[in-house]
Amino acid sequence: MRPLHLFIETSRPSLPTVSSAHCRALKSSLIADTYTSNNFIHRYLKCSHFSDALKVFDEMPRRDSASWNTVISGYVNADDPSNAWGVVKSMKRLGFPLDAYTFGSVLKGIASGGSVVCGQQLHSDIVKLGFTDNVYSASALVDMYAKFFMVEEADRVFGNMKHRNSVSWNALIGAYVGFGDLRSCIELFVSMEREGVRGDGGTFAPLLTLLVEVDDDYQLMRQFHGKITKNGLEYENTVLNATIVAYADCGCIRDSKKVFDGSNGYRDIVTWNSMIAAYLERDLERDAFDTFVEMIRRKIDTDAYTYSSILSSALVGDARNPRLGASLHGLVMKMGYEKVTPIANAMMSMYVKSDGDDYMVDALRVFRYTPSKDHISWNTILNGLSQNGLSEEALKLFHQMHNDHVPIDQFAFSAALKSCSDLATLHLGKQIHALALQSGLQEKEYVASALIFMYSKCGIVEDSCKSFEESRKLSSVTWNSIIFAYAQHGQGKTALNFFTLMMDEQVSPDHITFVAVTNACSHAGLVDDGLKYLKSMKTMYSIEPRPENYACTIDLLGRAGDLNRAKEVIKEMPFKPDAMVLKTLLASCRSCGDIESAMEVGNQLLELDPGDHCIYVILSDMYGNLKRWDERAVMKRLMKNEGIKKVPGLSWIEVKNKVHGFNADDRSHPQSTDIHEALRGLLFEIRVSDDEMGISFDDQDLTL
DNA sequence: GTAGGGTTAG
């Protein structure tokens, strides 16, 4: 993907300057001179005037290899490797010898977006023409293989080099950076120093991108930082910028900020963007935004990177700035960026994430007006539809992606499968599963997780288990899903067995694992185990319980009828109960039939979230059950006065590829009469068979 | 006229 060069400003010589110099040269007939002509070709190419450059080239009486090489590097620098390759082919056809300059330039082009077959042809030319010992040609070859992830070839070329400089080493290290293989990179770095080649910016900057928040990467980062300082590279922009991001990546944003604060006078635009990226890596949206505001205040140029970061982390409105989305969208338009794909994608992401008014409409509008959509544009919208419960639209879009040959990756599959789960449409879910199998993506964790969830939701936990077995089980993602699946199906013991297995396999649990585990305990009635697991989070696994962990535990106690212990759990929480925790407690009050406690919790909840319909619904329902009609009427009136409507529950059924939705008491379906007729028949049969089996059914439960 | 390196979007 390379849309960025379209709007990155580079300082270019202006065309008029070049052409007037060219005219003067023509008049004084200097143009016959090969050296002067080469110079004009170069100057025309620098200001992207290919036609003029080629005209000079075509009209030259005598071309030398520099003339050819200048044109080739012109195409390479303009990100046009296919034309560069075309020129090389003409050169060969006309019998001009390729030289080290040719190989250096054209291999760079192929590495950045050409075909590896061309690269291999050039490799054999290099061998035939005896350029294997030329450090430029060989290093470019190493880099080319590295960019195509062909480590063995890169290794072999590198191993045969007589003389190697830092560029050669960096190209080889780059091959391992491409695989995220930090250990090999470090080994190479050590060998490099042992051979007496000092690490430079090209060594450290890419190395630092591999550091993540595990084990002792932070200590490693400090060592690298020491080396960087020793080699005098700490203010070299590529290294400085990579340092800022690397500290954030291995968990220490304070060090990022320290480096940034100490870099005044050395910063470029990427330094600022890196600080913003560093904050966002640690979910510090506010700090990121403040950095952005500081950029604007100091009149520092912003670019596409700045806006895509800021947009994707922003919500349309927040307490500090309710019109934030509109302002950012306006700024983007003012900069002329709105049709730039990464920016449009980030804008869609902002609208998709903002809940409240229907921002999905705005996201779709941006999508529609984005001229060149990439697979991220499609995925952002697909994910938005899926997350916002617009499942049918999501599946339609997925279908369109499939027809339009948009590449479907794991993100697309998991979003589409989530929508299948929400609709409980097994038929479509299976079709999408088949597609995932074709592309081999079923083993990716998020796809597997979505499959597990889909089959569980459609009632086939055995197929959840199959999908689990087919997945890579490296992180908690798929484990959590399978534990949830069995818990959802009331097989708490099996779910807990998976947890034990997960521990045996030494997969680190996260707070979601414990939500799943507590859920399993809840469904198996294992109250004491559930409480034990909550305690073990901190004591055994050093995971700080979050509100959802407490909410699950409260649910567990509530279902077991132990409201008092549920209240105790809330008292022991290290933070104030949020709406989710209180709602769970309110539901527990209902299942225990404790109206006094329910009123107390209800009042607390009304302070937190007065617009929530379920508080009113639960309370009025409880009053109704206790036949306290007056109080129930008061609740109903309150609801009416506050303008709160009960959000009706919906059911779906899928028939012949079409999803039909139903409300309670819903007669709007065109075949409503037939449907009810069929249901009455079914009910009758159930009643007959129940009578035969001696089960008495309360008609009330089955009223349609 | 030649080779390597940092920041963005799901």
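Just the heavy atoms: all of them, side chains too, but no hydrogens, waters or symmetry mates, feed the values below. Please read all numbers here as calculations on a predicted model, not as lab measurements. Chain letters run A, B, ... following the sequence lines, proteins first and then strands; every chain starts at 1.
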Q.
So if I take every side-chain heavy atom of A:S312 and compare against B:dG1, B:dA9, B:dT7, which nucleotide ends up nearest?
A. B:dA9
(Q) Just the rounded figure in Å: distance from P of B:dT7 to CG of A:L311. (A) 19 Å
Q) Across the strands shown, which category fits A:S308 at heavy-atom distances under 4.0 angstrom: base, sugar-phosphate, nothing? A) base
Q. Donor-acceptor pair under 3.5 Å: do we get one between A:N170's side chain and the base of B:dA3?
A. no
**Q.** SB check A:R282 A:D287 (cutoff 4.0 Å)
**A.** no
Q. Ring centres of A:Y176 and A:F179 under 6.0 Å apart?
A. no
Q: Go through the structure and list residues passing ring-ring contact (aromatic ring centres under 6.0 Å, His included) with A:W68, not counting sequence neighbours.
A: A:F57, A:F96
Q: Check every strand shown and say whether A:A277 touches a base, only sugar-phosphate, or nothing at a heavy-atom separation below 4.0 Å.
A: sugar-phosphate
**Q.** Side chain A:T238 and base B:dG5 donor-acceptor under 3.5 Å
**A.** yes
**Q.** Side-chain N or O of A:K147 closer than 4.0 Å to phosphate OP1/OP2 of B:dA3
**A.** no
**Q.** Closest nucleotide among B:dT2, B:dA9, B:dA3 to the A:N345 side chain
**A.** B:dA9
Q) Under the criteria of a ring-centre distance below 5.5 Å and an interplanar angle below 30°, is A:Y136 stacked with the base of B:dT2? A) yes
**Q.** Atom pair distance, as rounded to whole Å: CD in A:E338 and C1' in B:dT8
**A.** 18 Å
Q | Closest nucleotide among B:dG5, B:dT7, B:dA9 to the A:A346 side chain | A | B:dA9
Q. Picking from B:dG4, B:dG5, B:dT8, which would you name as closest to the side chain of A:S166?
A. B:dG4
Q. Across the strands shown, which category fits A:N38 at heavy-atom distances under 4.0 angstrom: base, sugar-phosphate, nothing?
A. nothing
(Q) How many whole angstroms separate atom CG of A:N77 from atom P of B:dA3? (A) 7 Å
**Q.** Closest listed nucleotide, where the reference is the side chain of A:D374 and the choices are B:dT2, B:dA9, B:dG5
**A.** B:dA9
Q.
Between P on B:dA9 and CD1 on A:I381, what's the gap in Å once rounded to a whole number?
A. 17 Å
Q.
Is it the case that the base of B:dG5 and the side chain of A:D200 share a donor-acceptor contact (distance under 3.5 Å, atom types as modelled)?
A. no
Q: Would you classify A:G174 as touching base, sugar-phosphate or nothing, given that sugar-phosphate means primed atoms plus P, OP1 and OP2, and contacts are heavy atoms under 4.0 Å?
A: nothing
Q. Which of these nucleotides, B:dG5, B:dG1, B:dT7, is closest to any side-chain atom of A:P206?
A. B:dG5
Q | Atom-pair distance (CZ on A:F57; P on B:dG1), nearest Å | A | 15 Å
Q: Could you verify whether a donor N or O on one side chain and an acceptor N or O on the other, from A:N345 and A:D374, lie under 3.5 Å apart?
A: yes
Q. Roughly, in whole Å, what's the span from CZ in A:F131 to P in B:dA3?
A. 15 Å
Q: Scan side-chain atoms only and decide if A:S67 and A:D64 contain a donor-acceptor pair under the 3.5 Å cut-off.
A: yes
Q | Minimum-distance nucleotide (side-chain atoms of A:V167 versus B:dG5, B:dT8, B:dG4) | A | B:dG4
Q. Taking atom C1' of B:dG4 as reference, at what distance in whole Å does atom NZ of A:K108 sit?
A. 10 Å
Q | A:D64 CG - B:dG1 C1' separation (whole Å) | A | 9 Å
Q: Would you tell me whether A:S386 and A:N383 have side-chain atoms, one donor and one acceptor, within less than 3.5 Å of each other?
A: no
